[in-house]
Chemist: 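Quick one: this structure, given as structure tokens, is what I'll be asking you about.
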Amino acid sequence: MASEELTLVKIGGSVITDKGKPLSFRYENLNNLSLALARYRGKMVIVHGGGSYAHPIAKKYGLKPEPVKVEPKGVTLTRLGVFTLHNEVVLSLLKAGIPVYSIQPLLILRKDCVDAFNEALSCNLTPITYGDVIPSREGCHIISGDVLMRLLAEHLKPKRAVFIIDVDGLYDTNPKSGRLLKEVSLTWLPKQSENNGFDVTGGIVGKVREAQKIASMGSDVYFVNGLYPERVLKVLCGEETISTTISRRVES
Ligand code: ATP
Ligand code: IP8
């Protein structure tokens, strides 16, 4: 059964960085979004993506969502990018009034450690985690923030899962020429989707697939534009706004 209070929020790298330009923050977007999240009174767990601080470096060193043998230095450098972005996100959220508690994604994969999220929540902290690189016997692999959202949803059974991206929601084809959809089904996928060239975790299609799995577990799932923080706050509060939801009823 879904937890009445808890909301999972994924802050997309497309909102807080410029994915067209390696290592570039979008501070104003980040700070405005932090202020909107701080106005939400319910319990939250936050995940953020890697944006231009992770994907270009991961791509350069051949890292993928599947385990691969890569030059170890590439793992360290990718994570350095992730941590640089993470620090800025933590500072911005803290300045806005959200006392976050950083949790390494590795703990989510170690089933006996995943309760750290509930424990942080019970101390009135807001747990935050991020897309990362994970070592395994078969090689290192990327775990995207979208996959972490799904793993956390399995464990925490949130009422709501909100994917914050830099466009108004999901479009039938693509945001430039397509039509914005208010609802999509559990099996819908965009007809044609563009990737910005260096996204190593599947871009919008990978995100939609994970979001559909979360919706099928019973959470309400939304895609909303983080460039309009007031819309994000409305989605968190369960109010009507421009967004896309994944419906368990709609066929398509
Ligand atoms: P990150 O993975 O770095 O955290 P993110 O979560 O913000 O990034 P992306 O993987 O960059 O998300 O996906 C969002 C991007 O997908 C948007 O910038 C948008 O232009 C693009 N996109 C492509 N096709 C579609 C579509 N059909 N509907 C919505 N967005 C789409
Ligand atoms: O941006 C990717 O996470 P995402 C993290 O949520 C890395 O897809 C290390 C590329």
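Order of listing sets the numbers, starting from 1, for every ligand and every atom in it.
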Chemist: Below 4.0 Å, non-hydrogen atoms only: which portion of Pro190 touches ligand 1? Side chain, backbone, both or neither.
Modeler: side chain
Chemist: Give the atoms of ligand 1, by number and element, whose distance to some non-hydrogen atom of Gly51 is under 4.0 Å.
Modeler: 3 (O)
Chemist: Could you list the atoms of ligand 2 found under 4.0 angstrom from a heavy atom of Gly49?
Modeler: 1 (O), 4 (P), 6 (O)
Chemist: For Glu28, does the CD atom have more than 12 heavy-atom neighbours from other residues, nucleotides or ligands under 6.0 Å away?
Modeler: no
Chemist: Looking only at non-hydrogen atoms, find the nearest pair between Leu180 and Ile242 and report the distance.
Modeler: CD2-CG2, 3.7 Å
Chemist: Kindly check if the number of other-residue, nucleotide or ligand heavy atoms within 6.0 Å of CZ (Arg150) is above 12?
Modeler: yes
Chemist: Looking at ligand 1, would Lys176 count as a contact under a 4.0 Å heavy-atom criterion?
Modeler: no
Chemist: Rounded to the nearest 0.5 Å, what's the gap from CZ on Phe223 to CD1 on Ile165? Could you check?
Modeler: 6.5 Å
Chemist: Taking 4.0 Å as the limit for heavy-atom contacts, which would you say applies to Thr17 with ligand 1: side chain only, backbone only, both, or neither?
Modeler: neither
Chemist: Heavy atom of Gly178 under 4.0 Å from ligand 1?
Modeler: no
Chemist: Non-hydrogen atoms of Gly169 versus ligand 1: any pair closer than 4.0 Å?
Modeler: yes
Chemist: Measure from atom 9 (P) of ligand 1 to every heavy atom in Lys19, Lys10, His48, Arg179 and give the option owning the shortest one.
Modeler: Lys19
Chemist: Hey, which atoms in ligand 2 end up nearer than 4.0 Å to a heavy atom of Gly50?
Modeler: 1 (O), 3 (O), 4 (P)
Chemist: Please identify which atoms of ligand 1 are closer than 4.0 Å to at least one heavy atom of Asp166.
Modeler: 17 (C), 18 (O)
Chemist: Specify the protein heavy atom at minimum distance from atom 8 (O) of ligand 2: its residue, its atom name, and the distance to 0.1 Å.
Modeler: Thr201 OG1, 2.5 Å
Chemist: Are the side chain of Ser144 and the backbone of Asp146 linked by a donor-acceptor contact shorter than 3.5 Å?
Modeler: yes
Chemist: Tell me if a side-chain donor or acceptor on Asp172 pairs with a main-chain N or O of Arg179 at a distance below 3.5 Å.
Modeler: yes
Chemist: Mark up the atoms of ligand 2 that fall under 4.0 Å of a heavy atom belonging to Gly131, in ascending order.
Modeler: 3 (O), 5 (C)
Chemist: Got a salt bridge between Asp220 and Arg248, using NZ or NE/NH1/NH2 to carboxylate O under 4.0 Å?
Modeler: yes
Chemist: Would His86 and Ser102 count as having a side-chain donor-acceptor pair, cut-off 3.5 Å?
Modeler: yes
Chemist: Consider every N or O of Gly145 and every N or O of ligand 2, then say whether any pair is closer than 3.5 Å.
Modeler: yes
Chemist: Do Thr173 and ligand 1 have an N or O pair less than 3.5 Å apart?
Modeler: yes
Chemist: From atom 22 (N) of ligand 1, work out which of Gly13, Pro175, Gly49, Gly131 has a heavy atom at the shortest distance.
Modeler: Pro175
Chemist: Give the atoms of ligand 1, by number and element, whose distance to some non-hydrogen atom of Gly203 is under 4.0 Å.
Modeler: 10 (O)
Chemist: Check each atom of ligand 1 against the heavy atoms of His55 and keep those under 4.0 Å away; list them by number with element.
Modeler: 2 (O), 3 (O)
Chemist: Take a 6.0 Å sphere around CD of Glu230 and say whether it holds more than 12 heavy atoms from other residues, nucleotides or ligands.
Modeler: yes
Chemist: Report yes if the distance between the aromatic ring centroids of Tyr53 and Phe25 is under 6.0 Å, otherwise no.
Modeler: yes
Chemist: Could you tell me which atoms of ligand 1, counted from 1 in the order shown, lie closer than 4.0 angstrom to a heavy atom of Ser14?
Modeler: 5 (P), 7 (O), 8 (O), 11 (O)
Chemist: Ligand 1 and Ile11, any nitrogen or oxygen pair closer than 3.5 angstrom?
Modeler: no
Chemist: Could you check whether any side-chain N or O of Asp132 sits under 3.5 Å from a backbone N or O of Pro105, counting only pairs where one atom can act as donor and the other as acceptor?
Modeler: no
Chemist: Any N or O of Tyr171 that comes nearer than 3.5 Å to an N or O of ligand 1?
Modeler: yes
Chemist: State the atoms of ligand 2, each with its element, that fall below the 4.0 Å cut-off from a heavy-atom position in Ala54.
Modeler: 7 (C), 9 (C), 10 (C)
Chemist: Is there at least one pair of N or O atoms, one from Ser144 and one from ligand 2, spaced under 3.5 Å apart?
Modeler: no
Chemist: Mark up the atoms of ligand 1 that fall under 4.0 Å of a heavy atom belonging to Leu170, in ascending order.
Modeler: 28 (N), 29 (C)
Chemist: Side chain of Ser185, backbone of Thr187: donor and acceptor closer than 3.5 Å?
Modeler: yes
Chemist: Without swapping roles, check the side chain of Ser247 against the backbone of Val184 for a donor-acceptor pair under 3.5 Å.
Modeler: no
Chemist: For the residue pair Thr173 and Gly178, what are the closest heavy atoms and their distance?
Modeler: OG1-CA, 3.2 Å
Chemist: Does Leu233 offer a backbone N or O that forms a donor-acceptor pair with the side chain of Arg39 under 3.5 Å?
Modeler: no
Chemist: Counting from 1, what ligand 2 atoms have a heavy atom of Lys10 closer than 4.0 Å?
Modeler: 6 (O)
Chemist: Judging by distance only, is a nitrogen or oxygen of His55 under 3.5 angstrom from one on ligand 2?
Modeler: yes
Chemist: Does Asp172 reach ligand 1, in the sense of a heavy atom lying below 4.0 Å from it?
Modeler: no
